Structures are given as structure tokens and as C-alpha cells.
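Remember, predicted model here, so these are calculated numbers, not experimental data. Order of the sequence lines sets the chain letters (A, B, ...), proteins ahead of strands, with each chain counted from 1.
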Amino acid sequence: MSTGNLVRDDSKPAEGEQAGGWGREIYALTERLFPLHRSITGDGVRRTLQIMGEYVPLSISEVPTGTPVFDWEIPKEWTVREAFISDSHGRHVVDLRNNNLHIVGYSMPIRATMPLQELLPHLHTLPDRPESIPYLNSYWKEYWGFCLSHNTKLGMASGDYDVVIDSSLEDGHLSYGEYLIPGDSSEEVLLFSHTCHPSLGNDNCSGLAVTTVLARLLASRSLRYSYRFLWAPSTIGSLAWLSRNPEAASRVRHGLVLTGFGDPGAFTYKQSRSGDALIDRVVPLVLDGFGPGSRIEPFSVYGYDERQFCSPGFNLAVGRLSRTPYGQYPQYHTSDDNLTFISPRQLGEALAVLVEIVDALECSERRYLNTSPYGEPRLGKRGLFRPIGGSGLSRLEEARLWALNLADGGHSVLDMAGRSRMDFRTLRTAIGELTACGLLREIADADASPSPP
Amino acid sequence: MSTGNLVRDDSKPAEGEQAGGWGREIYALTERLFPLHRSITGDGVRRTLQIMGEYVPLSISEVPTGTPVFDWEIPKEWTVREAFISDSHGRHVVDLRNNNLHIVGYSMPIRATMPLQELLPHLHTLPDRPESIPYLNSYWKEYWGFCLSHNTKLGMASGDYDVVIDSSLEDGHLSYGEYLIPGDSSEEVLLFSHTCHPSLGNDNCSGLAVTTVLARLLASRSLRYSYRFLWAPSTIGSLAWLSRNPEAASRVRHGLVLTGFGDPGAFTYKQSRSGDALIDRVVPLVLDGFGPGSRIEPFSVYGYDERQFCSPGFNLAVGRLSRTPYGQYPQYHTSDDNLTFISPRQLGEALAVLVEIVDALECSERRYLNTSPYGEPRLGKRGLFRPIGGSGLSRLEEARLWALNLADGGHSVLDMAGRSRMDFRTLRTAIGELTACGLLREIADADASPSPP
Amino acid sequence: MSTGNLVRDDSKPAEGEQAGGWGREIYALTERLFPLHRSITGDGVRRTLQIMGEYVPLSISEVPTGTPVFDWEIPKEWTVREAFISDSHGRHVVDLRNNNLHIVGYSMPIRATMPLQELLPHLHTLPDRPESIPYLNSYWKEYWGFCLSHNTKLGMASGDYDVVIDSSLEDGHLSYGEYLIPGDSSEEVLLFSHTCHPSLGNDNCSGLAVTTVLARLLASRSLRYSYRFLWAPSTIGSLAWLSRNPEAASRVRHGLVLTGFGDPGAFTYKQSRSGDALIDRVVPLVLDGFGPGSRIEPFSVYGYDERQFCSPGFNLAVGRLSRTPYGQYPQYHTSDDNLTFISPRQLGEALAVLVEIVDALECSERRYLNTSPYGEPRLGKRGLFRPIGGSGLSRLEEARLWALNLADGGHSVLDMAGRSRMDFRTLRTAIGELTACGLLREIADADASPSPP
């Protein structure tokens, strides 16, 4: 069992300057991913995975159209080559070339001339945000439609319009990417981020880019758990993976759905279905250590792919981490969720939080015994306590006392963190020092007893 | 096992217009009950039960004076024919004919002339509410007295007064009424309302009238539990029933003491002795569904007949539901608690709450299995989900997802309601739809397993 | 098993006048203890114990220098005869004769002349409280130093100073005092107060004086538990006692570290390590009964000797009771914590709280059975309930109903107090009355059953 992870190694981002560096690297990746036209199938997703594959050697799975997936089946692959509305003067009022959001996802092909009145039911706008283009799709019902700004619609004169959608829905594949970093244990930490949204910055270029850089960072580390990154389209993608990987699913011990890391809001953690899984205890403690303001939400049935991982047949310990949750920022699912809405600073901080969560998960279940449990040992003679008595205590001195007090075999490191409200990093440092001078001894789980002799 | 109750049937009151209709019917009954001079024994109670018997075929029990009832015994029956105080001019300063509250309950007979000074200790008033007559009784100690407004007392000149109470305390009976609606199960829901208060509108003509109309409504329904309505005098009445019906008492699985439904205050639920009985979970959830403002009080030893049902020898799961609790409104136990203090609207809403509680009790222990538990089933193809993806979710759509997620055999419908904070009605509708299309299957308790295969 | 303690006997302080009397007596003792120069060893501690020995026949233990005490050993005994700094005119700028705080505890001897610049690192002041002398010590590192007011230091001109510390560190003993009051049971209540602080009023002349007077009060009482008072220096003193008395330590069922009772702040209770020991439930209920404002702190690893009693090898149920906790009042560990900072009134109230805690501990585990558990017994015929029904209930009437309701064998008196929020005193009175008239019967723990037949 490796204990090296108790002390942070140098392959991970620190706060401040370096986090800024990581943030810029993540942002650069979002800039490459943003322009691609993703959907739940198609070449946009394949190109996305290809770019992420430059960072980590992910493997891509292709699931054929028509493959049964529990209560669903893999849909046809959608391709759109051209889509526009032109007025009687031949001016393109709406054109997919200008913004990937202009077309309702999975729109059927059409080539017709029709009066405005007939076209209107197919035009989707946001009257409350008249300059913004909404994002919509119709995966499971045959439909065609355009999304545009409300002001553009208001400017459309009555009369005939040419409507062109050169799309196809044909047998093909659904694509997803996977990257497994093996650890000492075959138990897995599942980290999921969805690939199906087109040109939206926060939802979800931010999630894809942060997880990709995280994967590359973890690849060089010695780890207790195995870490599986999964990048797949929402719902049908996670379902496809679950249906094809029942054994891997059964090895998932902790998991997170990761998305929405670029906006300026506070971190928000949504609990797993049980609400008291280890991941549900670790993430809030880590967020606390990053300062006030983070929020914890109870499990609910609506949201992203935690809906599938937390369905009763799987009931995995998968929570969701984001900044402002979906639907709670006005730019959500509009053309205003673009590259100006997200920032390197937010992305870098999200990476730092995720690294800290990994560090915390790695040590959370470790247990230690105080080898000098009768009264406090004399830390001063070991250089671990200030020599002249007065008042006050440094955080590290306090962490040492907590570690000694709770190292009774009955408390894991997670229990120590929860009880002491010390951040994991300081606690790990204290445990490392006390282990080094022989005052703590790591024990296997089997050695644990609630009260030492 | 009947599942029909998951969908509301037509024999019960809906909100709005129809509730108003029920409210007027209940109020009409309070108008008939109000003038009767009730006490813990006597013809006032008999006449009350007789009128209620026009609504439901209740049975009346008569327990003879002197019958031992645990630590108590049935008292003599009290009858008062005439009671007044007249001044030296023969004017009746106080006369029972004007208000039933004028006489202290169970007053001994007296016929005497005495100076004001001697009379004063027998005159009870409310100096803080000088126009109101208080309500008092002296069941267990021989006494006589009058209740009158403070202003009336202030107007009494010194001098001699004739005091007449033509009452008798003789061997007789204590009367109570009962009505049992048998259900699929012999387990009972006990609904108690006290009969012993004279002309007070909220306390307790309102409780008697609401429960009577509720009884008539339930009589035509197919029910899971058996419902026992019990209308008896406080304390000695509930004790008498308990002492004579130990087997029925042992079948009580849930119960409510019901009183004070006509005032404009918010609903208040007082928990049963255990505080975590099923009834203690159901009622707050139902009240939540009726809007904000309802209050939950922990169990306490003072109050109405829940004191007896929750004594340690019985320890029944009996809570108490009212609007403003006794003693917390200034009209309480005064002549201001009259027919103008209560309103049809409040009474009708109380009936709607009680019907909803019954509906919730009926389904609370049911359990369902999701027949498609691996991931979410595709609701769209069954017409149970909006076709075009965007954001937001209707309450009913959310209820469907909750029902599917928690239908793992480990969660009852009550657990679902508590976890999801969905109101029972919406949840029942969702469960009904999902059962109809085969996505849910009701299971017997024995089938329940915490995690389906 | 004695039941006499359910009713308060006359040997303890009442509130108001008498508490004032006790407060003056306690204060008089602090006046005698304050001038003594205590440290973790030495004659100041011996003289302190000697004075306290005039109140109770405590026994004094002397542990030789060098004795191993777990991870520590008993240090040399420190004696200081003279300590001053004099300027070039022979004026004593700082002199131990003026204030015991002037010397850093355990200072090594020195006799030297040095320029101010060389002296400065050995001068300790409080720039934020320029008139106050701080309190410091250096038990475990060889050092010498003086504490003085910041203004005094600012007034010291450059030039040479004579520095004289006539101290010695020699083999000797560490002294502690103990006083055991045997009760019916050999299970012990440990009451600890530290002896090592020199002339500080609140920390800890107040604790020493209050516990001494408490010990004298309890000596004449018939008690269920045995009470052990322990007066020892902090850390090394409690460790010494623990290392020499493993059997007594194993008999400690409840315990309190007691200190800081003279300041005007509210009472503060720090929970034991488990946080849910019986003492952790009793003390907050008692403090509630003394009015609002008291505070409960969770266990933490920093503080007084609860650190040792709550180390994982012992894990005793020892909490800490004080008024304002250490470090949270500006006078803490300065010359401003003197006899004017503490008052007889505060000291007397602390004694009353402690007596009430003892009374509560004594009855907390007792259990009773209601001999008339079916319904409420008729209290009126026993003179335990007001005869004429109305509304409202006295505290004692309410306590009687609670005691009857919860006397089911499953609730201890502590459970009753916690559930009813009745203060222990009223509850004890009610239980006494109900036991006297046969409605309650005390049972041995083995008789307890959750629901009586």
C-alpha cells in the first residue's frame, strides 16, 4: 500500500501562479473544442475526442445504430452539412455557418419555400434575452427547426423564405472516449463529462478540458484507486457505456459527473443517491478548504448523467460537481455561454479542486494508530511544538493533536477531517510528520479496533 | 390489495368551489350543534350524537355511573334545568337561558339568598376581556359557580341576591358515539373528537362537524385500513372507551385527535408520543402540500385526549391536528368562541386536508418495483416526457422520475414523498401512470428488497 | 440505593442570598491563594494545597523528579528566590517582589550585567495592552526571561542593566492533591482543577476555590457515585496522576475539568471526546435551567487537562466547564486577571451550578415505572392537580405529567429531562411526590423494559 500520496507530489498544480498556468492551458483547449459542432452522434464528437486524445491516450468506442441499450436503442447518426433561411432577396437571415446553435439538434432535412407564417412554428427564440440564440434539440422525435435571436425574428418581414437543411439521419455509430489509469486497487473512481453539447463554453467545453488536463496529470501518479475517465454524450452515452461494461460499473466505488467549471460562480456539489457515500463526505470537506461559499445540494432526479449512474439498478456512489448548476445562470443553453463567459482563472481553480479531491479520496480510508496513546506525547522534544507556552496554536500544530487524538483505529483519515474540520492537506502533512517520527503507524483495515488496549 | 385509491375518486371534495360547498354543509351542522348544552355526561351529549347520527349510522354506548375506568370511575350524570342570579328587584343578572357558559359545569344545586360579598367567590370573570364569559367546570370537586362578563359583575350593586341552580347529580350514564368503516385490513385508524364542551364554536362544534362529514364521505369508499370515528367526552370519555375496548385499541395503527378547525389560523400538528410514527411523517407532508405556514409541535403531556391514547400503557401512534392550538387564541374557552368565530371556508379546507391525509395513509406503505431499473426508461416514447429537450420539468414529470428512481423495494410511497418533497397527490398520479404502462409493479411487503437484482 | 437525593437537602447553597454568602466565602479563599507563586512544581503549589486542606482533608502526593510518566518524565523542581532587573542607577525596573508574573516560569538562574540590546530578547510584553504584564513559562526548554508591561520596556534607556535571577532547578518532586468522597458506588466522578498558574485570579484561583468549597459541601452528603477531586498542575500533573492510578482512572464514569469561574461571562461547556456521554447531556440541561446564554462547544484537541483525560488511550467521559473560555477574554494570561476581575457573585453562581450538576448526575440514571400506566391517573384526588378545569398548567403540574408519561422503564430521569425540557429540580420534586403516593416505583436497571405490560 503506497503512502506516498500523503505528501503532495510535484506533478500537480499548486495555487496561485501555477494554477494560473494550468488555467491558461485548459482555456487553450476549450478554444479548440468550442467551434466543433457536437451532438449525441457524429463527426463533431469524433473530432472532439481526437483533440483530447492529443493529451491522453484515450480509447474511442463506436456503438452501432440500433444497438439495444436497456430501454433505449442507439439512434441514427446525424450529419448536417448546411442549414439556412434566406429571404426573398436571397439574404441568409439565419445560417448555421454563423453559429452551431442555429439548428435544432437532429433536425430532419428540408428544402422548401414557405411563407413566414408557416415557418414561424419552427423558429425558436428567447424573448427575455432578445440578442441570444437558444440551444435546442429533438433527438427522439422527427422535427426540424431553427434557433435564432428574438430580434432577428422580429426583423423578418412577411413573405416567402427559402428553408434549407441539408442533413441526414443514417445508420452509423455513437462514439465515446475512455481513459483508465490503473491504481493499486481495481476499485475505480469514475469521472464523467458529457460530449454532446455543441458550441457552448461552460456546458461543456469547460468540463471536457478540465477533465482532460486532470487525466494527463494523474497519469504520472502512483495511485491507490484506478481512475476511469469517460467522455460520452449525455443519457444515451452513459447508458451505452453502462450496458456494455457491467463489470467495470460494478467496480465503481466513487464517481463524479463533472461539468460547468468556467463560470464565475461558487462550486456546487450534488450528492449521490444515497447522500452519505464516501464521495459525499469528501467533496464538501475539500470545498470547505477552498473557502466559503460552496454549496451542497441533495440528490435529485433531474440533471446530467448522474441520473443514469444513480438509477436504482446501478445506484452508484456518483455525485456531481460544477460551479453554478445548469439552469441557474442566465447564459445557460444560449449563445452567451461562449468563450468570453469562461475564464482561465476559474478553470485552473477547478483543476486544483479536483486534484485535491483525488488526494483526499486516496487517503480518506487510511487508518492510523497512535503508538503513544496514553495522554499526549511530548511533541516539543520532537520539534513538533513551540517551546514557550503561551496561547494559540498553528493550524499544523492543531492538526498534529487531532491526528494523535483520533488515531485509535476507529477513525479513518476522512473521519479525522470531518471531526476536526482541518483541511486534508494540513492533516496529511501532520500525519506524515507523526508517522515519520514513529508516533503514528498506518494499519490495515483488519487491524482497526475502536479502542486500543 | 386494492390499488384504486391511488387515483382520487369522485366521492371526495376537491379544492375551490366544491370545498366551499362542503364548508357550508359542515357549517350548517355546527349551527345545529352549537346551542346544545353539553358536558361530560347528560342529554346535551345524547342530543349531539343523535344529530350526528343523521349523517352516519353511529352507535351510542352508555357507561353506568360508578363503572371503574382504570384509576377513575364514571361520575354521576349532571342535569341542570335552571340557573340564575337575581337582584333585589327580581332582575336576572345572570341566567343560563342566555348562555350555556353561565354555569360552571357540574355545579351542585343551590337555592339561597346571600349578600354580594358571599356570592363573589362563586363568580368567575375575565378582567382582561371584560365583555366575554369564561368557560369553566368542576367535574371532580363539589362546587357551584357562575361565569359572567367582568362588566356584568362590576355592575352588580351590593345587597342581597337570590341564587338558584336547579341541577341534579344522579346515577346515570356517560355516553359516547362510535362509527367503524371496515377496510381491507382490520388495522384501524382512530379519529377522535371530543363531545363535552358546551356552546363553543371552534372547541369543539367544528371538530364534531368536520369529522361527521368526513365519516360520511369515507363510508362510500373502498379502504385499505378500517377507520374508527370516536366521539366522546374528554379524558373520562376516551378512558372509558379504552378500558372497554382493549382489543380495538390494540388494532389502532394510526390515530388523530381532531379539534379546532374553524378559526382562521394555520394548521398545527402535534406529534404522537414516539414522534416518528408513520402518522407523524404523513401529516406534515400533507400540510406542506396545502401551502406554507403549517406548524409541527413535538409531543407534550398537556392537551386533549392524545394524553390518554399516548399514556405509557397504550402508547398509541395518535397525533393531534387542529388549526390554532387551544389556549393560543384569545377567544379560547370564552363566549367569543362562537359561530361568528368559525367560517365555512376554514371548515371546508380542514375537510380537504383530512381527506388528503386519508389518501396519503392509504398509499403510504405501498411499495413498487421499477421494472426497468437500469438507467432511466425512455419516457418520451410512452408520452410521459416532453419531446423537445430544453430545460425545466413539470411537477408531474419530476414525480415520475422520483417514483422510478425510488421504486427499488426499499422505499415506501411515504419514503418517496419524504425524499422527493412531492405532494402525495402528484406522486400518486405519477405512480398510477407508470404502473399503467408497466414501468412500475406493486409488490407485497415480503417482496421488498433494498436493491433489486 | 439511596433515593434521598431526589429532594435537595439543606447542606447545599440555594440561590439568591445564600449563594451570595457562598460567593463571599469562595472569594475569601481566592484572596488567600492569589499571592502564592505557583508553577508546575515547588513550594507555591504545596502552600496552595495546604490552605485548601483547611477546608477538606485532602491528601498530597509527591512524585520524584525523573519519574517516567508515559512519554514524559517529572521535571526538576523549580525554585526562585529573587529576580530583578536594575538599571545603572540601581533602580529595580522589574522586580519579582512586585508581581509573580514578572518572571518567565522555570527561568534558569542568571546574574549578569548586559546592555539593553542584549537584554531585549528576554523581555516579553504585550504591545496591545501596554499596561499589562503577560504570563509565560518555559518548562521544557532551558531559558530565562522577564515579563513586564510594554510601557515599562519603552521607558528603559539604553545602557547596561544588572540582571539577577536567583533560581534553582534541582531534583525534587511534583505535588498534587486529591480528595475522594466515597458514594454508594465505586464508580467515580472526577473533578479536576489545575494548580500550576501563579497569581492569576480567574485562571485559576477561581477554579481552585470553587472546587474546594464544593468538596466540603459534598463531604456531608449521601451520594450515589464516589467523587474524586484532583488538584494538580496542568498536563504533567494530570499525566502523573493517570500514570500512577490506572485503576482509579478506569472507574471514572463522568468527569469535568473546572476552571475560570470568576469572570462575568456566560457558562461554557466543552464536550467530552465522544460528545454524547452522559455528562455531555447533563451539563447543558443544567445550564439551560440557569437561564439563557450558556454555550456548548464541541470537543477539540486544544485546551486544559481534558486533553489528557480524552487522549485515545483513556478516552474518559470528561468535559470542561468554565465561564468565558481561556483566550477569549482580553485579561487572559495577563496581570489584569487579578482579584478585581473576579467577583463573589460569579463564584457563588458557579458553585450553585456545580451542585445542580451533581444533583442531576446523581439522579440521571434512575428509572421509574408508572404503576397506573393506562391513561393518566387521577391526580386531583391525590391533591396533585388543581380542582377547577381551565387552561394553563404550573411547571410542577407539567413535570408530574411528564414523569408519569415517561416512567415506562425505557426512560431514565435524564431522558425525561431531555425530552420534557423540565429542569432537573422540578422534575425531581415531581418524581418524589409521585413516588410518595405510589404512582411511581423506582426500578433497578435490570427491571427496565421499553414497554410495561
Side-chain angles (χ1 to χ4, degrees), chain B residues 39-40 69-73 75 104-107 124 126 134-143 145 147 196-197 203 234-243 246 249 273-275 298-303 305-316 325-329 332-334, chain C residues 367-411 415-422 426-427 430-431 434 437-441 443 448-453:
Chain B
S39 183
I40 56 174
V69 171
F70 303 123
D71 193 51
W72 308 61
E73 66 178 42
V104 171
Y106 265 65
S107 276
H124 302 274
L126 296 168
Y135 160 56
L136 284 178
N137 61 63
S138 181
Y139 302 137
W140 305 104
K141 183 184 164 92
E142 295 196 354
Y143 180 73
C147 297
C196 51
H197 285 36
D203 184 13
S234 268
T235 308
I236 189 67
S238 49
L239 288 170
W241 183 84
L242 284 164
S243 75
R273 184 173 181 260
S274 83
F299 175 74
S300 59
V301 285
Y302 199 50
D305 292 79
E306 67 275 11
R307 292 163 65 166
Q308 311 310 324
F309 300 120
C310 295
S311 61
F314 295 109
N315 194 24
L316 300 182
Y326 73 87
Q328 297 183 22
Y329 50 95
Y332 173 72
H333 276 197
T334 77
Chain C
R367 284 167 194 270
Y368 294 84
L369 272 190
N370 179 338
T371 60
S372 182
Y374 300 101
E376 290 176 7
R378 204 180 134 200
L379 296 177
K381 70 182 175 192
R382 296 172 177 94
L384 299 175
F385 210 73
R386 69 217 182 310
I388 300 194
S391 62
L393 208 59
S394 75
R395 289 290 285 169
L396 184 55
E397 284 172 328
E398 192 182 344
R400 289 181 197 125
L401 293 180
W402 275 113
L404 286 167
N405 190 279
L406 298 177
D408 58 4
H411 292 84
D415 295 332
M416 290 182 184
R419 183 86 191 262
S420 69
R421 309 305 293 184
M422 304 295 302
T426 305
L427 197 54
I431 290 171
L434 294 166
C437 72
L439 284 172
L440 291 187
R441 176 170 66 81
I443 54 173
S449 66
S451 53

Measure the spacing between CZ of C:R382 and CG of B:D71 and express it to the nearest 0.5 Å. 4.0 Å
How many angstroms lie between CG in C:L401 and OG in B:S311, if you round to the nearest 0.5 Å? 11.5 Å
Would you call [X] and [Y] a side-chain contact if the rule is heavy atoms closer than 4.5 Å?
| X | Y | answer |
| --- | --- | --- |
| B:S300 | C:W402 | yes |
| B:L242 | C:Y374 | no |
| B:R273 | C:D408 | yes |

List the steps and the verdict of side chain to side chain contact (heavy atoms under 4.5 Å, CB included) for B:Y302 and C:E397. CA-CA 10 Å; B:Y302 199 50; C:E397 284 172 328; over 6 Å; no
Between C:E376 (side chain only) and B:Q308 (backbone N and O only), is there a donor and an acceptor less than 3.5 Å apart? no
Can you tell which part of C:L406 gets under 4.5 Å to a heavy atom of chain B, answering side chain, backbone, both or neither? both
Which answer fits C:R419, side chain, backbone, both or neither, if we ask what part of it has an atom under 4.5 Å from a heavy atom of chain B? side chain
Restricting to non-hydrogen atoms, name the atom on B:P312 and the atom on C:N370 that form the minimum distance, rounded to 0.1 Å. CG-ND2, 3.8 Å
Where on B:F309 is there a heavy atom nearer than 4.5 Å to chain C: the side chain, the backbone, both, or neither? neither
